[in-house]
Amino acid sequence: MRKLIFYTYPSCTSCRKTKGWLKDHDVNYEERHLFRNRPDAKELLELIKLSKSGVEELLATRSATYKKLTVNLNDMPLSQALQLLSDEPKLLKRPIITDGTQLIVGYHQDDLQRLAIKDKREQQQSIG
């Protein structure tokens with residue numbers, strides 16, 4: 001069975017809404033605090049591979065940390081950009097949810113519903 005990873009920050013409203021939704025729908029997940037257990041560059045690369053728009057999908061461009069950047073992430077080699085995102089998790093949108101085959105960034109009920117259906121099917125298949 002696949003493992004669902006939920007990257008979160010407890011004071012984030014979207015993270016709290018997502019966590020509530022996952023619990024209400026009995027979706028199993030591993031919770032990872034984005035600042036205490038930061039995704040490393042390798043994990044971030046795997047997330048980017050699942051994204052539709054690359055680094056931009058994960059980047060919190062409205063964050064104060066992003067606005068204070070003195071470098072342009074688009075001008076950086078990917079390895080340096082990934083390391084910066086790992087070192088500065090406030091640059092990441094929240095929450096981030098993945099099962100290794102799909103990616104959800106932010107609170108999106110329709111995407112969560114599809115993920116819950118997939119999770120239930122896999123649970124039933126592992127039982128049967």
Side-chain angles (χ1 to χ4, degrees):
M1 186 181 308
R2 70 195 163 88
K3 178 165 62 169
L4 184 70
I5 300 176
F6 172 43
Y7 297 92
T8 184
Y9 181 61
S11 68
C12 163
T13 302
S14 294
C15 295
R16 289 194 306 267
K17 287 166 74 174
T18 299
K19 185 175 184 176
W21 194 98
L22 292 170
K23 286 187 176 211
D24 290 347
H25 292 83
D26 296 318
V27 176
N28 298 316
Y29 60 91
E30 173 188 325
E31 187 170 348
R32 296 257 318 263
H33 191 294
L34 268 173
F35 301 144
R36 292 187 191 140
N37 190 1
R38 298 174 185 174
D40 61 23
K42 183 179 176 182
E43 286 177 275
L44 290 168
L45 180 59
E46 293 305 312
L47 295 174
I48 289 168
K49 287 178 184 177
L50 297 173
S51 75
K52 295 175 182 149
S53 58
V55 173
E56 292 79 23
E57 188 168 351
L58 298 177
L59 198 56
T61 56
R62 295 186 312 189
S63 72
T65 303
Y66 178 82
K67 291 176 182 176
K68 291 178 186 175
L69 280 179
T70 58
V71 295
N72 185 337
L73 283 173
N74 293 324
D75 294 338
M76 291 180 147
L78 182 58
S79 60
Q80 286 181 350
L82 293 173
Q83 191 58 54
L84 177 61
L85 291 173
S86 179
D87 292 343
E88 296 287 345
K90 288 183 179 181
L91 290 171
L92 295 169
K93 285 184 183 175
R94 298 176 290 271
I96 300 170
I97 303 165
T98 185
D99 64 358
T101 62
Q102 58 186 340
L103 178 70
I104 301 172
V105 181
Y107 176 71
H108 302 285
Q109 281 189 2
D110 292 344
D111 293 338
L112 290 169
Q113 185 66 40
R114 282 190 286 280
L115 186 117
I117 291 168
K118 185 176 177 183
D119 183 64
K120 295 298 174 210
R121 281 189 197 134
E122 289 185 5
Q123 285 180 20
Q124 291 171 350
Q125 288 174 352
S126 68
I127 294 170

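- With respect to the salt-bridge test (charged N to carboxylate O, under 4.0 angstrom), the residues R32 and E43 qualify.
- Under a 3.5 Å cut-off, the side chain of R38 and the backbone N or O of D87 do form a donor-acceptor pair.
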Exercise for review: List the steps and the verdict of side chain to side chain contact (heavy atoms under 4.5 Å, CB included) for R16 and T13.
Suggested key: CA-CA 5 Å; R16 289 194 306 267; T13 302; 3.5 Å; yes

Exercise for review: Please test N74 against V55 for side chain to side chain contact (heavy atoms under 4.5 Å, CB included), starting from the C-alpha separation and ending with a verdict.
Suggested key: CA-CA 9 Å; N74 293 324; V55 173; over 6 Å; no

Exercise for review: For H108 and W21, run side chain to side chain contact (heavy atoms under 4.5 Å, CB included): C-alpha distance rounded to whole Å, both residues' side-chain angles, the deciding distance at 0.1 Å, then the answer.
Suggested key: CA-CA 10 Å; H108 302 285; W21 194 98; over 6 Å; no

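- Although no hydrogens or angles enter the test, the distance criterion places a donor-acceptor pair under 3.5 Å between the side chain of S86 and the main chain of P39.
- In terms of hydrophobic clustering, with Ile, Leu, Val, Met, Phe, Trp and Tyr side chains grouped at heavy-atom distances under 4.5 Å, Y107 and L103 are assigned to different clusters.
- Aromatic ring pairs are classed by plane angle as parallel below 30°, tilted from 30° to 60° and perpendicular above 60°; the pair F35 and H33 is perpendicular.
- Residue L82 is grouped with residue L58 when hydrophobic side chains (ILVMFWY) are merged at heavy-atom distances under 4.5 angstrom, including chains of intermediate members.
- At least one side-chain heavy atom of L59 sits less than 4.5 Å from a side-chain heavy atom of L85.
- Of the inter-residue distances, the one linking L22 atom CG with E31 atom CD reads 9.5 Å to the nearest 0.5 angstrom.
- Residues I97 and L47 are members of separate hydrophobic clusters, defined by side-chain heavy-atom contacts under 4.5 angstrom among Ile, Leu, Val, Met, Phe, Trp and Tyr.
- When side chains are defined from C-beta on, K19 counts as touching Y29, because their heavy atoms get closer than 4.5 Å.
- Clustering ILVMFWY residues whenever any of their side-chain heavy atoms sit less than 4.5 angstrom apart, transitively, puts V27 in a cluster other than the one holding I96.
- Here the CG-CZ distance, from D99 to F6, works out to 14.5 Å after rounding to the nearest 0.5 Å.
- Hydrophobic clustering, with ILVMFWY side chains joined whenever heavy atoms are under 4.5 angstrom apart, groups L91 together with Y7.
- Few gaps surround NZ on K93; more than 12 heavy atoms of other groups in view lie less than 6.0 Å from it.
- S51 and I48 make their closest contact through OG-O, 2.7 Å (heavy atoms, listed as atom of the first residue, atom of the second, distance).
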Practice item. Determine, stepwise, if the pair C15 / R94 fulfils side chain to side chain contact (heavy atoms under 4.5 Å, CB included). Key: CA-CA 6 Å; C15 295; R94 298 176 290 271; 3.6 Å; yes

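- Counting non-hydrogen atoms of neighbouring residues, nucleotides and ligands closer than 6.0 angstrom, the OH atom of Y66 reaches no more than 12 such neighbours.
- In this structure, L50 and Q102 approach most closely via the heavy-atom pair CD1-O, 3.9 Å.
- Interatomic distance, CZ of R114 versus CD of Q109, reported as 12.0 Å (0.5 Å rounding).
- Side-chain contact check for T18 versus T8: every heavy-atom pair is 4.5 Å or farther apart.
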